[in-house]
Amino acid sequence: MDPIPQTVLPRTKQKPDITTVLRKSWYHLRLSVRHPSRVPTWDAIVLTAASPEQAQLYDWQLRRAKRMGRIAPSTITLTVPDPEGQRIGSGAATLNAIHALTKHTGVVVNGGDDAVGLMGKKHILLLHAGGDSKRVPWANPMGKVFLPLPFLAADNPDGPVLLLFDHILAIASCARQAFKNEGGVFIMTGDVLPCFDASTLILPPDSSTIITVPITLDIAANHGVIVASKSEIFDESYTMSLYEDLVAAWVPTKHDWLRHRPLGEALVNKLGKQRMFSYCAYDFSFLHFGTSSEVLDHLSASDSALVGRRHLCSIPATTVSDIAASSVVLSCKIADGVSIGEDSLIYDSNISSGSQIGSQSIVVGMNVPKDSDNMAGNSIKFMLPDRHCLWEVPLVGCIERVIVFCGIHDNPKNPLRKDGTFCGKPWEKVMHDLGIEENDLWSSSSSQEKCLWNAKLFPILSYFEMLRVGMWLMGLSDGKNLHYLPLWRNSPRISLEELHRSIDFSKMCTGSSNHQADLAAGIAKACINYGMLGRDLSQLCEEILQKETSGVEICKDFLALCPKLIEQNSKILPKSRAYQVQVDLLRACGEETKAYQLEHEVWASIADETASAVRYGFGAHLLESSGSKSTLAFRNNNHVGSMDKPFCQQTVKVELPVRVDFVGGWSDTPPWSLERAGCVLNMAVSLEGSLPIGTIVETTNSNGVLIIDDSRKELYIKELTSIAPPFDGDDPFRLVKSALLVTEIIHENILVSNGLRIRTWANVPRGSGLGTSSILAAAVVKGLLQIIGGDDSNENVARLVLVLEQLMGTGGGWQDQIGGIYPGIKFTTSYPGIPLRLQVFPLVASSQLISKLQERLLVVFTGQVRLAHQVLQKVVLRYLRRDNLLVSSIKRLTELAKIGREALMNCDVDKLGEIMLEAWRLHQELDPYCSNEYVDKLFAFADPYCSGYKLVGAGGGGGGGLCLITRQKCHMCQRIKKHVREKPRI
């Protein structure tokens with residue numbers, strides 16, 4: 001009996017919104033590219049192309065995608081054109097692509113394995129992108145898969161315009177996770193964005209799976225369709241279809257039909273015994289980009305968070321232009337006096353003054369020049385009517401770029417006498433109005449069916465002549481047939497079909513790169529000359545450097561502007577940001593040594609800015625010799641006085657809990673917390689019923705300071721003036737040394753004839769992520785302040801520890817010490833200024849909340865220790881660069897802290913779990929190395945039992961501890977504990 005194709009149903013039928021699906025997919029893509037050992041990526045990405053020339057363009061786009069971090073450096077990329085430029089159909093193109101990849105990777109695959117062996121070992125993404133794009137003719141030169149699609153563009157406003165290809169890569173990255181360690185090929189088409197969570201795919205082993213979505217038959221009829229029907233459709237063409245021929249090989253009832261097709265017998269013999277499954281993705285949103293009107297429909301989405309309507313462009317003020325708010329302007333330079341109608345798309349263009357573009361129109365790659373005598377006297381230089389497409393194409397052997405146009409709803413495939421139109425009008429009316437004869441457009445000897453695709457319409461003339469003739473052809477030059485008709489008729493002309501075969505792809509790539517580099521340079525220059533360096537200059541410089549001849553010189557010019565900028569804005573521009581801009585520009589100029597040297601100034605500035613924010617004038621002398629005395633600091637510290645008095649024994653003991661952070665970490669870290677508001681939700685906890693962190697500070701009747709840690713290491717410091725930063729990173733006593741500095745015991749010469757004995761302990765596993773280092777620092781600072789009669793209030797201690805960590809060189813924020821010195825659950829906000837202001841809001845926990853947390857909150861120490869100082873350093877540098885993705889991620893963390901506060905007040909522990917899950921995703925977005933494979937396996941095991949989880953700590957000091965919120969049944973908590981104890985290494 002023939003096997004019946006099996007259907008695997010997804011876990012849910014609820015369709016999520018596109019924004020949510022894309023955000024999750026992009027998160028997966030970035031993680032897989034930045035840390036492929038944790039989140040596997042594709043071994044190879046293969047694109048099909050219509051011709052060798054188009055393949056060269058696609059190779060350029062693939063290199064761009066690698067440069068921008070869309071494709072991992074280790075991934076093989078390959079473009080495979082149809083043989084000899086002959087269309088062979090999607091099925092044959094699939095086989096041809098796999099064959100080409102097998103040859104290309106012959107050295108990589110051991111033992112000379114064939115294509116089957118390659119597919120069994122490697123994970124391959126195959127994207128069909130070699131069509132003619134007849135229904136989207138303006139995308140034909142670039143390839144429809146590379147048309148602009150500014151979904152989520154606001155997440156990275158200084159980066160290049162996102163393309164359909166970029167979003168397809170994001171969706172596909174989730175599908176890669178479904179393959180796990182099994183090899184295989186994932187086939188997609190270049191004109192559809194399948195918005196669904198591909199990570200939920202269930203792929204049975206050693207079989208084929210088709211992803212389907214329920215949809216109405218009128219839409220399905222235009223795409224790859226699986227219909228339950230006894231009738232068969234026969235196609236007499238000699239191309240091989242992916243949707244019919246290859247799929248038919250897996251359907252036994254179609255074998256007799258397939259055997260009569262080209263290569264049908266071979267397909268049945270090779271694939272006929274394999275199983276085929278159907279995965280019905282009910283959460284699938286089908287975004288098709290098959291026509292120009294469909295493209296505009298997708299860009300007119302009402303969700304403002306989804307579509308970016310202005311990106312990497314130069315646009316005039318609203319008082320000197322008329323640009324509709326609903327229009328989408330991407331990678332463009334728009335002059336004063338331009339009008340753009342509603343819902344239009346303008347991409348990769350320079351539009352000069354006086355141009356008028358109608359509503360629901362598309363303009364791509366146009367370079368309309370500035371004022372010229374050729375069109376003097378016209379109030380409107382160029383007009384494009386509503387619902388039209390306009391684009392420029394460089395041709396091989398032509399100096400001028402050819403101007404091409406048509407109506408949005410024109411179907412170039414429709415025959416002349418069967419609904420064929422040009423510029424929205426029937427051909428009969430077009431020819432009547434313009435005086436054009438049929439034989440002007442089509443050869444009478446040609447056997448081809450006459451249609452817009454093969455009509456010799458577009459003249460090759462000088463640029464302004466093409467503009468004038470173009471407006472005439474669109475019906476905008478009434479009564480001028482006698483002038484334009486002979487000019488058009490006598491000019492060399494080209495059809496859309498010929499255009500497709502004559503594009504100068506090299507010139508098109510160079511022109512687009514230079515255009516985007518010029519735009520990036522203009523934005524960067526304005527940022528330096530007029531702004532507060534709020535843009536990501538590092539990313540803008542990447543685009544500027546694509547201009548090979550002058551990119552470095554442009555960056556050098558920007559570097560020369562920096563001293564003047566810093567001088568003019570020294571009162572309001574943080575030095576750390578100014579120095580980082582210079583570091584980025586030095587690197588762009590190839591001055592790596594100078595950039596490395598200047599990086600030390602960046603970190604010194606952060607420490608100084610932090611000290612200044614804690615207390616006005618406090619940081620002025622911290623980096624100076626300990627022998628100098630600061631009377632200003634003395635006045636600010638409110639000490640009772642010197643300890644140069646008759647000896648009196650004093651002993652202070654401070655014990656503190658550890659903290660578990662729920663959400664908000666990173667928003668407390670300088671320089672973010674010095675410039676923007678921070679919000680953190682965390683909780684103080686004891687371990688095994690005791691306070692695990694503490695210090696004892698005692699006065700002695702001999703000079704100097706004796707420091708003893710919990711490993712019984714000792715250090716005696718006789719000359720306190722020897723304590724000065726920077727400290728060695730391996731110095732086990734740098735925490736106490738820094739505490740002596742920030743409490744100003746050294747600078748104020750408080751210890752004249754007496755001394756101190758300081759003992760510290762932390763009964764917490766090293767690298768736990770429970771804030772041990774900062775809380776221990778808080779204990780020491782609090783103890784020292786109590787000994788000298790200083791201000792030992794919690795807020796003052798928290799701010800002093802902030803400075804202490806900068807002096808230690810570890811960095812860090814205020815949330816750990818806040819978590820330890822304030823009891824219970826608390827929501828804390830910080831407000832930038834001098835001084836930095838902290839506001840702690842204790843949450844009064846109800847007995848119900850306490851009971852739920854005791855039952856369902858689990859903290860697990862994994863034994864994993866990370867060198868998180870590097871993680872913190874990378875995150876801080878990204879912030880100083882104004883990395884937009886990082887900024888938006890930390891903003892979201894502060895929002896989640898507020899939502900989490902409400903959840904706890906409402907005793908909604910499940911909601912807190914959801915918030916922790918999102919916070920964990922954002923932490924990995926900030927730096928993928930905040931976790932590892934071992935921790936990922938732990939979370940994968942715990943996932944079915946938990947409402948949420950994350951590593952404790954923001955990634956600054958430890959991270960070996962997991963915080964989990966289990967589901968309602970309390971036995972799940974015990975099950976996780978048992979699993980961890982029995983299988984400590986999973």
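The figures here come from the full heavy-atom set of this structure, side chains too, leaving out hydrogens, waters and symmetry mates.
Ring orientation note: the planes of His923 and Trp920 are nearly perpendicular, at an angle over 60° on the 30°/60° scale. The aromatic rings of Phe939 and Tyr949 sit parallel to each other, their planes meeting at less than 30°, with 60° as the upper class boundary.
Side-chain atoms of His311 do not come within 3.5 Å of backbone N or O of Val328 as any donor-acceptor pair. Without hydrogens or angle criteria, Ser32 side chain to Thr41 main chain gives no donor-acceptor distance under 3.5 Å. When atom types are taken as modelled, the side chain of Lys547 and the backbone of Ile554 share no donor-acceptor pair closer than 3.5 angstrom. The main-chain N or O of Val192 is never found under 3.5 Å from a side-chain atom of Thr189 such that the two would form a donor-acceptor pair. Here the side chain of Arg309 pairs no donor or acceptor atom with the backbone of Leu330 at under 3.5 angstrom.
Not less than 6.0 angstrom separates the ring centroid of Phe196 from the ring centroid of Tyr282. Ring to ring, Trp60 and Phe146 are not that close: their centroids are 6.0 angstrom or more apart.
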Side chain to side chain donor-acceptor pair (under 3.5 Å) evaluation trace for Asn884 with Asp158:
CA-CA 8 Å; Asn884 293 286; Asp158 296 322; 3.1 Å; yes
Test Leu193 against Phe151 for side chain to side chain contact (heavy atoms under 4.5 Å, CB included), laying out the working first.
CA-CA 11 Å; Leu193 181 61; Phe151 287 176; 4.3 Å; yes
Yes or no on salt bridge (Lys or Arg N to Asp or Glu O under 4.0 Å) for Lys937 and Glu933, after CA distance, side-chain angles and deciding distance?
CA-CA 6 Å; Lys937 287 182 178 179; Glu933 185 179 0; 3.8 Å; yes
Test log, rule side chain to side chain contact (heavy atoms under 4.5 Å, CB included), inputs Glu918 and Leu896:
CA-CA 8 Å; Glu918 185 176 350; Leu896 290 174; 3.6 Å; yes
Kindly indicate, with the supporting measurements, whether the criterion side chain to side chain donor-acceptor pair (under 3.5 Å) is fulfilled by Thr48 and Asp82.
CA-CA 7 Å; Thr48 63; Asp82 286 347; 5.9 Å; no
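Comment: Asp166 engages Arg70 in a salt bridge, judged by a side-chain N to carboxylate O separation of less than 4.0 angstrom.
In this structure the side chain of Leu537 reaches within 4.5 angstrom of the side chain of Cys527, judged on heavy atoms. Contact of the Asn156 side chain with the Gln539 side chain is registered, since non-hydrogen atoms from C-beta on lie closer than 4.5 Å. By the 4.5 Å heavy-atom criterion applied to side chains, Gln54 and Ile503 are not counted as neighbours.
For the 3.5 Å distance criterion, the side chains of Thr75 and Asp43 fail to qualify, holding no donor opposite an acceptor. No hydrogens or angles considered: nothing links the side chains of Tyr596 and Glu592 as a donor-acceptor pair under 3.5 Å. Judged purely by distance below 3.5 Å, without hydrogens or angles, the side chains of Thr20 and Asp17 pair a donor atom with an acceptor atom. Using modelled atom types and a 3.5 Å distance limit, the side chains of Thr79 and Asp59 yield a donor-acceptor pair. Judged purely by distance below 3.5 Å, without hydrogens or angles, the side chains of Arg38 and Gln924 pair a donor atom with an acceptor atom. A side-chain donor from one of Ser37 and His35 sits under 3.5 Å from a side-chain acceptor of the other.
For the pair Leu164 and Asp191, the tightest heavy-atom approach, listed with the atom from each and the gap, is CD2-CA, 4.3 Å. Closest heavy-atom contact between Trp672 and Ser667: CD1-O, 3.1 Å. Pairing each heavy atom of Pro83 with each of Asn96, the nearest pair is CD-ND2, 3.8 Å.
For Lys507, the NZ atom counts as densely surrounded, since its 6.0 Å shell holds more than 12 non-hydrogen atoms of other residues, nucleotides or ligands. For NZ of Lys66, the number of neighbouring non-hydrogen atoms (other residues, nucleotides, ligands) closer than 6.0 Å is greater than 12.
Within the cation-pi definition used here (under 6.0 Å to the ring centroid, within 45° of the axis), Arg30 does not qualify as a partner of Tyr27.
When each of Cys195, Ser199, Cys174 is tested with Ser25 by the rule side chain to side chain contact (heavy atoms under 4.5 Å, CB included), just one qualifies, namely Cys174. No option in Ile171, Asp197, Asp283 other than Ile171 meets the side chain to side chain contact (heavy atoms under 4.5 Å, CB included) test with Val21.
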